[in-house]
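Below is one structure, written out as structure tokens, with a few remarks after it.
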Number of protein chains: 2
Amino acid sequence: MSYQSRKQIILKILEEKGEAEVKELAQQLDTSEITIRRDLGTMAADGLLFRTHGGAMKLSLVNQPVSFAQKSNMNASQKEQICRLAAAEIQEGDVIFMDCGSTVFKLCDFIKNKRIKVITNSLPVVYELMNTEVEINLVGGEIDKERQAVHGAVAQEHLLRYHADKAFVGVGGISVANGLSAVSEKEAEMTVGMARQAKTTYLLCDASKLETTKYLQFASLSLIQVLVTDETNDAILAPYREVGLRVLN
Amino acid sequence: MSYQSRKQIILKILEEKGEAEVKELAQQLDTSEITIRRDLGTMAADGLLFRTHGGAMKLSLVNQPVSFAQKSNMNASQKEQICRLAAAEIQEGDVIFMDCGSTVFKLCDFIKNKRIKVITNSLPVVYELMNTEVEINLVGGEIDKERQAVHGAVAQEHLLRYHADKAFVGVGGISVANGLSAVSEKEAEMTVGMARQAKTTYLLCDASKLETTKYLQFASLSLIQVLVTDETNDAILAPYREVGLRVLN
DNA sequence: TTGAATTTGATTATTTTTGAGCAAAATAAA
DNA sequence: TTTATTTTGCTCAAAAATAATCAAATTCAA
């Protein structure tokens, strides 16, 4: 049996079991341990597996990339509903902004198969869309590790280069009286930046944020054009409609 | 039986079984082993199959695309040695460029605990440094999914805003006669951009790339100041020293 | 038919692959 | 830590596969 054949079998075994020992492989492939060791050596050099003492492991078990654990599992069903509504607004060929909020992140699931261009400052969004049809443009600048996103002056200037059909943004709080508010200046800055460069700005906002105000009030309601929410109580939504907002729910 | 008829049968057998041995084929086609070897040789040259020792395999079994993760694990120990040398050059407080090569990526392991600032266009580098002390600045622009990196005109302009103490870059090939060469215009552009904005440019280059030239020749040796390599043969390295390069090995 | 070109097979030399033994290194155990 | 065990890397030799060379057989075209 040739090296190539053994290689296929070893990879298959690793794929199934995750790891394997030299002895075990030698027995299964009916060859000597030294041959297996040599095989594992070259395969490790080719980056096909991770060599351990006494055996080998599947690569993905060793160097798994940072997983972007999103807080997006909170209120998952509400967020999904909001994103379903938002995604329905997106046309093939659109250029859209997506900011770094957890609700906006969920939108990824609904646009993976659309042929659109996404401009974002959110690393989880980039990661999520990496293996899809979507073209991605990443905002450059300093990375805010806490938010897993790019913020700052250079990021703002980067935004100015682009114009998009739609911007999808999140927010800390929204109220008819006080407009939009945020918990972070950075996020507020990015929200404003994207909204200014987009024809239409969609605010994705679950019911718990309606009629709340966070510490930083940063823009009036006129910054956005569409409010997408899971709130069903028309008494709460009516005032937003009255000031000219389109409301999707 | 003619070569053409044997060729059809061999291809059919490979299609069914995935692989076959010379002996086995000689028996089935009622001919000598040397003839089969000759057949397999020409067929492999024509790209119809993959030649193994003792036989042949179907191409689809062998030609799997190599991912970035695999590339970065190829020749891992050489790359580690190179990166250890490179990392020793980095001082606390430095601002450094890192490009999107797989050798440069390995440098991440050695700088995680340094208090430095990294400017990069490589997403794997960003992910790898996300949970470390390192401050990260991400080059903005269009994402090249194949290379998992940012490239293009906007990325170039982004680079111009920054100056760094050191740039750590990879390359497709390097030779005293032809200078630096690459397999992709995008990578070459980024390499030049980083080198121009850095006081000192370090080329991380494993021995296999020394004295090779890839299809795109994009800069002379004067672009870089330091060559970091695992090559130990001074006869090969001497010419680089003679033209004024500092060589670390 | 003749003769040139091609294909095939045999023989030998070279290369590649494999396995064994032993010292060095790494891991586990005390 | 020290000691014992396992695993590995190394060199060398045997075996297998291959390449190279040359001769025989076949094919093809006048």
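A note on names: the letters A, B, ... follow the listed sequences, proteins ahead of strands, and every chain is numbered from 1.
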Point to revise | Separation of D/dT6 C1' from A/Arg51 CZ (nearest whole Å) | key: 13 Å

Check your understanding: Below 4.0 angstrom, N of the basic side chain to O of the carboxylate: do A/Lys79 and A/Asp206 qualify?
Key -> no

Review point. Got a salt bridge between A/Lys58 and A/Glu19, using NZ or NE/NH1/NH2 to carboxylate O under 4.0 Å?
Key: no

Practice item. Assign each of A/Ile34 and A/His53 to its nearest nucleotide of DNA chain C by heavy atoms, then name whichever residue's nucleotide is nearer the 5' end. Key: A/Ile34

Review point. Tell me: CD1 of A/Ile36 to P of D/dT7, nearest whole Å?
Key: 14 Å

Review point. Between A/Lys7 and A/Ser2, is a side chain to side chain donor-acceptor pair (under 3.5 Å) present by the stated rule, with each step listed?
Key: CA-CA 9 Å; A/Lys7 174 171 147 184; A/Ser2 74; over 6 Å; no

Check your understanding: Which nucleotide in the set D/dT8, C/dG19, C/dG9 lies at the smallest distance from any side-chain heavy atom of A/Val22?
Key -> D/dT8

Practice item. Would you indicate what B/Thr31 reaches in the nucleic acid, counting non-hydrogen atoms under 4.0 angstrom: base, sugar-phosphate, or nothing? Key: sugar-phosphate

**Study point:** Between B/Ser184 and B/Arg147, a side-chain donor and acceptor under 3.5 Å
**Key:** yes

Check your understanding: Once you round it to whole Å, what is the distance between P of D/dG9 and CG of A/Asp39?
Key -> 13 Å

Check your understanding: Side-chain N or O of A/Thr35 less than 4.0 angstrom from OP1 or OP2 on C/dT18?
Key -> no

Review point. Is a donor-acceptor contact shorter than 3.5 angstrom present between the side chain of B/Arg37 and the base of C/dG9?
Key: no

Point to revise | Nearest-Å distance for atom pair CD/C1', residues B/Glu33 and C/dG9 | key: 12 Å

Check your understanding: CG of A/Leu40 versus P of D/dT7: gap in Å, rounded?
Key -> 13 Å

Point to revise | Of A/Asp30 and B/Arg6, the one whose closest DNA chain C nucleotide lies more 5' | key: B/Arg6

Review point. Does a side-chain N-to-carboxylate-O contact under 4.0 Å join B/Asp234 and B/Arg241?
Key: yes

Check your understanding: Rounded to whole angstroms, how far apart are CZ on A/Arg38 and P on C/dT16?
Key -> 14 Å

Exercise for review: Classify the nucleic acid contact of A/Thr42 as base, sugar-phosphate or nothing, counting any heavy atom under 4.0 Å across all strands shown.
Suggested key: nothing

Check your understanding: Does OP1 or OP2 of D/dT6 have a side-chain N or O of A/Lys23 closer than 4.0 Å?
Key -> no

Exercise for review: Please state how far atom NZ in A/Lys7 lies from atom P in C/dT18, giving the value in whole angstrom units.
Suggested key: 14 Å

Practice item. Starting from P on C/dT17, measure out to CG on A/Leu29 and report it in whole angstrom. Key: 17 Å

